[in-house]
Amino acid sequence: MLTYNKISIPLLKPFRTSFGTQLTRDAIILSYREGENRSFAEAVTDEAPLYGYEDNFTVIHVIKNHLASFFSPDLEPYKFNEKISGIRGHNMAKGAMEMLLWDINAKREGKALHEFLGKSKGYADVGISIGMSSLEEELKMVGESLKAGYKRIKVKIERGYDVELLSAIRKNYGDIPLSADANQGYSRNDMKTLKKIDQFNLLYLEQPLSLEDLNGHSILRKEMKTPICLDESIDSLRSATNAIESGAVDVINIKPGRVGGLQNSLDIMEIAKENGIKVWIGGMLETGIGRSFNISLASNSLVTMPGDTSPNSRYFRKDITRETFDMKNGTIVPMKGPGIGVTLDYEFLNSVEVEGGKILD
Ligand code: OSB
Ligand code: MG
């Protein structure tokens, strides 16, 4: 039986980006039950379409009305992708369904997901994505994160809160591995400000312009020394190919939940490698379920930079999974499995459930 739960769990701290402030993680969790066995997946959407065009409501709608009829637990993920290829867009909904099949398939083989995916190093290199707050608070967070062992610090920037922040971080902490994520907060009219960011020697500048403005990113890439990383713009293998071919990108932030799942993520990693593009695995404040998928993928040897996959405890006082991830020396070891290797705390899940129901018998 295939079911979904929509949950809302409080974040330990508000997470502010250029597109808004998140106080809770509102997630759609998919569960598939076969006898005693349970498999899970998580959609990366939120309540409102601020990051991309999909939201929790469209995900439930698309899964129920368009994807579920193609689902069979006996399908390999790539076969499912072939079957749904006529349905346009909605890669966050597709990604949740596709990842569910990876968990089902890995569990049937009795393998941990990271092993089932192949090429696992056995650990993921971890960076932190720090939400916006006061300059003082952020400087403190950067210091604590370095002490905790994070291998890369990423801060969020927006118009009017960029140069001053980055300059203060460099002044206080020197030549640390630093990047900045604008979440589409700038436009082509901001070239002057964006070029000022070159002085900070960032590892990369993430998604400065609108997700639709691939040409703008190509122009910016010629104007700036700082490598350009794309996040929101890359929602499929096709958009990754387009971005690479049009010279719009140096680094890709791969979120399997955004690009339609793990198969597309692996395919993007391959074309990135062929073209000398660096990749890392991002996050969307996932619960332990989405986090386990991300960390399993992030341990793949084709991933070339630390990702946004902090331990659960950084986001939530309590998570819906009983198992949690710990970071040691800036690395996290993926779950031992089978599959994503996490179980649900149903008592807690019920207490944070907003709605739920059956999708397929
Ligand atoms: O742009 O990477 C992003 C969170 C929500 C939406 C978009 C983004 C983020 C993050 C947080 O940066 C990454 C994480 O810690 O999960
Ligand atoms: Mg981003």
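Just so you know, these numbers come straight off a predicted model, no measurement behind them. We count ligands from 1, going down the list as the structure has it; atoms in each ligand are counted the same way. One is the number of the first residue; the rest follow in order along the sequence. What you see below is based on every heavy atom in this structure, not just the backbone, and it leaves out hydrogens, waters and symmetry mates.
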J.: At a 4.0 Å threshold, what atoms of ligand 1 neighbour a non-hydrogen atom of S129?
T.: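 Close to S129: 10 (C), 11 (C), 12 (O), 13 (C).
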J.: Enumerate the atoms of ligand 1 whose separation from the nearest heavy atom of D308 is less than 4.0 angstrom.
T.: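 Here the atoms of ligand 1 in question are 12 (O), 13 (C), 14 (C), 15 (O), 16 (O).
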J.: For N37 and Y32, test the side chains for any donor-to-acceptor distance below 3.5 angstrom and give the result as yes or no.
T.: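 No, Y32 and N37 have no side-chain donor paired with an acceptor closer than 3.5 Å.
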J.: By number and element, which atoms of ligand 1 are closer than 4.0 Å to a non-hydrogen atom of D231?
T.: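 In order of number, 1 (O), 2 (O), 3 (C).
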J.: Determine whether the aromatic ring centres of W102 and Y78 lie less than 6.0 Å apart.
T.: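 No, ring centres 6.0 Å or more apart.
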J.: Distance only, no hydrogens: is a donor on one side chain within 3.5 Å (strictly under) of an acceptor on the other, for T24 and D26?
T.: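 Side-chain D/A pair, T24 to D26: present.
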J.: Ring centroids only, cut at 6.0 angstrom: are H66 and H61 within range, meaning strictly under it?
T.: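 Centroid separation for H66 and H61: below 6.0 Å.
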J.: With a 3.5 Å cut-off and no angle check, do the side chains of S120 and H114 form a donor-acceptor pair?
T.: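 Yes.
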J.: Would you list the protein N, O or S atoms within less than 2.8 Å of the Mg ion (ligand 2), leaving out water?
T.: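 You should have found D181 OD2, E206 OE2, D231 OD2.
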J.: Taking ring-ring contact (aromatic ring centres under 6.0 Å, His included) as the cut-off, I'd like each qualifying pair that reaches into residues 137-174, sequence neighbours left out, listed once.
T.: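 The answer is none; no pair qualifies.
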J.: Answer yes if the side chains of T309 and N294 hold a donor-acceptor pair under 3.5 Å, and no otherwise.
T.: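 Checked: T309/N294 side chains show no N/O donor-acceptor pair below 3.5 Å.
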J.: With backbone taken as N, CA, C and O and side chain as the heavy atoms from C-beta onward, which portion of Q184 lies under 4.0 Å from ligand 1: side chain, backbone, both, or neither?
T.: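 Contact part for Q184 vs ligand 1: neither.
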J.: Mark up the atoms of ligand 1 that fall under 4.0 Å of a heavy atom belonging to K255, in ascending order.
T.: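 Numbered from 1, ligand 1 contributes 1 (O), 2 (O), 3 (C), 7 (C), 8 (C).
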J.: Using a 4.0 Å heavy-atom cut-off, say whether T309 meets ligand 1 through its side chain, its backbone, both or neither.
T.: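 T309 to ligand 1: no contact under 4.0 Å from either part.
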J.: Mark up the atoms of ligand 1 that fall under 4.0 Å of a heavy atom belonging to E206, in ascending order.
T.: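 Contacts of ligand 1 toward E206, numbered from 1: 2 (O).
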J.: Does a donor on one side chain and an acceptor on the other come within less than 3.5 Å for N183 and Q207?
T.: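 Not at all, the side chains of N183 and Q207 share no donor-acceptor pair under 3.5 Å.
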J.: Going by the order shown, which atoms of ligand 1 are within less than 4.0 Å of some heavy atom of N183?
T.: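 The atoms of ligand 1 under 4.0 Å from a heavy atom of N183 are 1 (O), 3 (C).
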J.: Has K154 got any heavy atom lying under 4.0 angstrom from an atom of ligand 1?
T.: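 Checking ligand 1 against K154, which is what was asked, there is a heavy-atom contact under 4.0 Å.
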J.: Anything under 3.5 Å between a donor and an acceptor, one on a side chain of residues 320-327, the other on a protein residue two or more places apart or in another chain? List them.
T.:
from, atom 1, to, atom 2, distance (Å)
T321, OG1, E323, O, 3.0
R322, NH1, T343, OG1, 2.9
R322, NH2, L344, O, 3.2
E323, OE1, T343, N, 2.6
E323, OE1, T343, OG1, 3.3
E323, OE2, T343, OG1, 2.8

J.: For residues 258-271, which side-chain donor-acceptor pairs fall under 3.5 Å, sequence neighbours excluded?
T.:
from, atom 1, to, atom 2, distance (Å)
R258, NE, D231, O, 3.2
R258, NE, I234, O, 2.6
R258, NH1, Y51, OH, 3.4
R258, NH1, D231, O, 3.4
R258, NH1, D231, OD1, 2.5
R258, NH1, N253, O, 3.2
R258, NH2, D231, O, 3.3
R258, NH2, I234, O, 2.9
R258, NH2, N253, O, 2.7
Q263, NE2, D267, OD1, 3.2
N264, ND2, V259, O, 2.8
S265, OG, G261, O, 2.7
E270, OE2, K119, NZ, 3.2

J.: For residues N91 and D235, is any side-chain donor paired with an opposing acceptor at under 3.5 Å?
T.: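 No, no side-chain donor-acceptor pair sits under 3.5 Å.
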J.: Which residue owns the protein heavy atom closest to atom 4 (C) of ligand 1, what's the atom, and how far is it?
T.: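 The protein heavy atom lying closest is F15 CE2, 3.5 Å.
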